[in-house]
Amino acid sequence: MTTLTSEQISKLRSELANNPQALEALEVIEEWDGDLADAAESLATRNGIEGVEDQADLRWFTQILRQCHGHICQPKYKKFRENYLPALIGVIAEFLAGSLEFKPLVAGLIATPIAIYIEQEGIEKFCQSYNPNP
């Protein structure tokens with residue numbers, strides 16, 4: 001999984017300065033020494049998402065990435081292939097709230113490390129690597 005440096009976190013704070021939920025999520029990412037998967041799982045646990053710690057075979061974060069794949073990799077989101085993180089966070093939060101029924105505030109928090117992971121990996125690579133039908 002992806003780990004951010006303190007310099008990367010600082011840069012993201014500037015980039016996401018207008019998004020209070022993203023800033024809160026960045027605080028948790030920093031608490032977890034930049035580990036996006038650990039931070040996302042911590043945010044989920046802290047906000048009452050069940051089943052996070054029950055996954056023995058596959059990390060919860062990886063499962064959420066796979067669930068986001070079908071939504072994010074649709075042709076209508078091709079514009080995000082140009083690395084526009086703030087909008088990507090919004091699209092993922094909308095998916096988490098609508099399809100997975102996360103509370104909107106929680107969806108916004110958890111969407112941040114997911115979107116950062118996808119941006120760091122590159123959306124093209126993400127759409128290929130998490131393809132459920134390779």
Side-chain angles (χ1 to χ4, degrees):
M1 286 289 138
T2 301
T3 301
L4 301 178
T5 65
S6 55
E7 293 80 20
Q8 289 172 308
I9 293 170
S10 182
K11 182 179 178 246
L12 287 167
R13 276 198 183 98
S14 297
E15 185 178 346
L16 301 171
N18 293 328
N19 183 334
Q21 291 170 315
L23 292 175
E24 185 177 338
L26 286 170
E27 291 294 324
V28 176
I29 292 168
E30 192 168 50
E31 285 175 26
W32 286 94
D33 297 322
D35 187 304
L36 296 175
D38 286 344
E41 292 172 357
S42 176
L43 284 164
T45 302
R46 292 177 190 189
N47 286 283
I49 303 296
E50 294 182 15
V52 176
E53 297 172 2
D54 298 341
Q55 309 302 323
D57 297 332
L58 190 63
R59 282 193 83 153
W60 180 86
F61 184 72
T62 302
Q63 289 183 332
I64 294 297
L65 285 172
R66 287 185 176 172
Q67 290 174 317
C68 288
H69 176 274
H71 186 72
I72 294 300
C73 297
Q74 295 178 53
K76 69 181 179 178
Y77 296 121
K78 189 172 178 106
K79 63 187 172 200
F80 296 121
R81 293 180 167 109
E82 295 163 8
N83 297 330
Y84 189 59
L85 185 60
L88 185 57
I89 291 171
V91 169
I92 293 171
E94 179 183 300
F95 169 75
L96 294 174
S99 297
L100 302 182
E101 299 181 359
F102 289 10
K103 293 178 184 174
L105 179 66
V106 176
L109 289 169
I110 295 172
T112 301
I114 293 169
I116 293 168
Y117 175 85
I118 293 169
E119 185 186 57
Q120 292 286 316
E121 181 170 352
I123 197 160
E124 292 290 345
K125 183 178 175 188
F126 172 77
C127 287
Q128 292 171 1
S129 66
Y130 281 89
N131 187 347
N133 302 308

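What you see below is based on every heavy atom in this structure, not just the backbone, and it leaves out hydrogens, waters and symmetry mates.
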Side-chain donor or acceptor of Thr45 paired with backbone N/O of Glu41 under 3.5 Å: yes

Identify the two heavy atoms, one from Pro113 and one from Phe61, that lie closest to each other, and give their separation to 0.1 Å. O-CZ, 4.2 Å

Salt bridge (Lys or Arg N to Asp or Glu O under 4.0 Å) contacts touching residues 18-30 (sequence neighbours left out): Arg13-Glu27, Arg13-Glu30

Any side-chain heavy-atom pair from Asn47 and Lys103 closer than 4.5 angstrom? no

I want to check something: taking the side chain as every heavy atom from C-beta on, are Leu65 and Ile118 in contact at a cut-off of under 4.5 Å? yes

Considering all heavy atoms of both residues, which atom of Leu16 and which atom of Pro86 are nearest to each other, and what is their separation? CD2-CG, 3.8 Å

Atom CD in Glu124, atom SG in Cys73: separation rounded to 0.5 Å? 8.5 Å

Can you see which heavy atom on Gly108 is nearest to which on Gln21, and at what distance? CA-OE1, 3.8 Å

Run the ring pair (Phe, Tyr, Trp, His ring centres under 6.0 Å) test against Phe102 and tell me which residues pass, sequence neighbours left out. none

Nearest heavy-atom contact between Ala115 and Leu88 is O-CD2, 3.8 Å

When you compare the side chain of Leu4 with that of Leu36, does any pair of heavy atoms fall below 4.5 Å? yes

Using side-chain heavy atoms (C-beta onward) and a distance below 4.5 Å, is Ile72 in contact with Phe95? no

Answer yes if Trp32 and Leu23 sit in the same cluster of Ile, Leu, Val, Met, Phe, Trp and Tyr residues linked by side chain heavy atoms under 4.5 Å apart, and no otherwise. yes

With rounding to the nearest 0.5 Å, note down the distance linking CG in Asp35 to OG1 in Thr2. 9.0 Å

Over all heavy atoms of both residues, which pair between Ile89 and Ala111 is shortest? Give the atoms and the distance, please. O-CB, 3.5 Å

Backbone N or O of His71 within a donor-acceptor pair of the Gln74 side chain at under 3.5 Å? yes

Find the distance between OG1 (Thr5) and CG (Asp33) and round it off to the nearest 0.5 Å. 12.0 Å

Is any side-chain heavy atom of Ile116 less than 4.5 Å from a side-chain heavy atom of Leu26? yes

Run the side-chain hydrogen bond (donor to acceptor under 3.5 Å, both in side chains) test on Glu121 and Ser129 for me, step by step, so that the C-alpha distance in whole Å, both residues' side-chain angles and the decisive distance to 0.1 Å come before the verdict. CA-CA 10 Å; Glu121 181 170 352; Ser129 66; 3.0 Å; yes

Find out if a path of hydrophobic residues (ILVMFWY) with successive side-chain heavy-atom gaps under 4.5 Å connects Trp60 to Leu100. yes

Applying salt bridge (charged side-chain N to carboxylate O under 4.0 Å, His left out), can you list everything that pairs with Glu31, at least two apart in sequence or on another chain? Arg46

Heavy-atom closest contact (Cys68 atom, Leu96 atom, distance): SG-CD2, 4.3 Å

If you measure from CG on Leu109 to CD1 on Ile114, what distance do you get to the nearest 0.5 Å? 11.0 Å

Beyond-backbone contact of Leu12 with Thr112, side-chain heavy atoms, under 4.5 angstrom: no

